[in-house]
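Keep in mind that what you see is a predicted model, and the values were worked out from it rather than measured.
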Amino acid sequence: MDTNGPVGPARPAGSAGLAGLAGLAGLDERIAGCRACPRLVAWREEVARGKRAAFADWTYWGRPVPGFGPPEARLLVVGLAPAAHGGNRTGRMFTGDRSGDVLYQALYDVGLASQPTSVTADDGLELYGVRVTSPVHCAPPANKPTPEERDTCRPWLVQELNLLRPTLRAVVVLGAFGWQAALPAFAQAGWTVPRPRPAFAHGAHVSLDGLELFGCFHVSQRNTFTGRLTPAMLREVLRTAARAAGLHGLK
């Protein structure tokens, strides 16, 4: 990947032709080529050029990071955005950073992942019945997308939900930002969202026309280092959501 020049076509998330591509693979390809948000494009590519000293020998992905997991997923985990030196480096959501370490360990612990770590996009990790995505697909400065960037990226999540709808039965949303971004996407994808919109809380549970929605504190270092979110708390939410999704073989 050449991080010094344009990556992919300069089209917004909702541009014509998106629905004509077949399946999640086509959607993922289109996401990886998006250049709709100038601030995010500049930041992700600047990080990819400058790198972090510990990853000096890496060729950073430096593009929007698609979701990860099987197309027939019954459970979806929705985060915030890729990390500058995590997913923006590896090209896989929640890979190669502390948040990913916590999430994939928990998925493994409850029987939803083939291994407890996620280091590179070709490390052999498989997810069982679960897909991981974000409402914003580019690494943002200071881990803070703007509301405009969130809204510009929303059509990607809506399309992902439409493609997953035949099998999707439950969703775990990590953090208040993801919750606020996801609820309008569920509505646009055809689920009925209550009015007023349900407030985010850890352990929140909302039923949306057969789709069970669960809230969980984000797996950020701030939450996990302070104990606001413990591994046991995360495992409990994942188990509860996986059971609601009809997934079996849980630990």
Side-chain angles (χ1 to χ4, degrees), residues 13-14 18-19 23-24 27-28 31 66-81 93-94 103 106-107 110-113 127-137 145 147-220 223 229 233-250:
L18 176 63
L24 280 170
L27 176 66
D28 291 347
I31 288 173
F68 169 62
E72 70 284 359
R74 299 181 67 86
L75 172 62
L76 183 67
V77 176
V78 179
L80 168 59
M93 196 69 70
F94 276 109
L103 177 62
L107 289 170
V110 302
L112 295 174
L127 299 182
Y128 304 136
V130 58
R131 183 172 170 89
V132 180
T133 193
S134 285
V136 175
H137 287 276
E148 181 181 4
E149 290 161 350
R150 174 200 64 198
D151 294 346
T152 299
C153 211
R154 183 178 299 138
W156 294 129
L157 181 57
V158 173
Q159 181 69 4
E160 190 169 14
L161 290 169
N162 283 330
L163 290 168
L164 291 170
R165 185 161 189 148
T167 58
L168 189 63
R169 298 295 177 267
V171 180
V172 173
V173 181
L174 303 175
F177 182 97
W179 186 269
Q180 293 164 3
L183 288 177
F186 294 135
Q188 290 181 29
W191 281 282
T192 300
V193 176
R195 294 279 188 176
R197 288 177 180 168
F200 171 78
H202 181 82
H205 177 203
V206 181
S207 294
L208 308 176
D209 302 329
L211 182 69
E212 303 303 315
L213 176 63
F214 298 88
C216 179
F217 289 141
H218 196 278
V219 289
S220 66
N223 287 339
L229 177 66
M233 291 167 63
L234 178 57
R235 290 194 298 267
E236 181 60 27
V237 173
L238 290 173
R239 282 196 193 96
T240 301
R243 292 190 185 108
L247 292 172
H248 304 290
L250 301 175

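Heavy-atom minimum distance, Leu229 versus His218: CD2-O, 3.5 Å. Val237 and Cys216 get closest at one heavy-atom pair: CG1-CB, 4.0 Å.
For Phe177, the ring pair (Phe, Tyr, Trp, His ring centres under 6.0 Å) criterion is met by no residue, not counting sequence neighbours. Applying the side-chain contact (heavy atoms from CB on, under 4.5 Å) criterion to Pro194, with sequence neighbours excluded, gives Pro198, Val206, Leu208. With sequence neighbours left out, Arg235 forms a salt bridge (Lys or Arg N to Asp or Glu O under 4.0 Å) with Asp109. Residues meeting the side-chain contact (heavy atoms from CB on, under 4.5 Å) test with Asp151, sequence neighbours left out: Arg154. Residues satisfying the side-chain contact (heavy atoms from CB on, under 4.5 Å) test with Phe200, not counting sequence neighbours, are Ala176, Trp179, Phe217. Taking Thr192 as the reference, Asp209 meet the side chain to side chain donor-acceptor pair (under 3.5 Å) condition, with sequence neighbours excluded. Remark: Glu149 pairs with Arg39 by the salt bridge (Lys or Arg N to Asp or Glu O under 4.0 Å) rule, at least two apart or across chains. Residues satisfying the side chain to side chain donor-acceptor pair (under 3.5 Å) criterion with Gln180, sequence neighbours excluded, are absent altogether.
Side-chain contact check for Val173 versus Leu183: every heavy-atom pair is 4.5 Å or farther apart. Two residues are said to be in side-chain contact when any heavy atoms from C-beta on lie closer than 4.5 Å; Pro145 and Leu80 meet this criterion. Residues Leu213 and Trp191 form no side-chain contact, since every pair of their non-hydrogen atoms from C-beta on lies 4.5 Å or further apart.
Separating the CG atom in Leu250 from the CZ atom in Arg239 is a distance of 8.0 Å, to the nearest 0.5 Å.
Pairs of residues two or more places apart, or lying in two chains, that qualify as salt bridge (charged side-chain N to carboxylate O under 4.0 Å, His left out) and include a residue from residues 160-181 are Arg131-Glu160.
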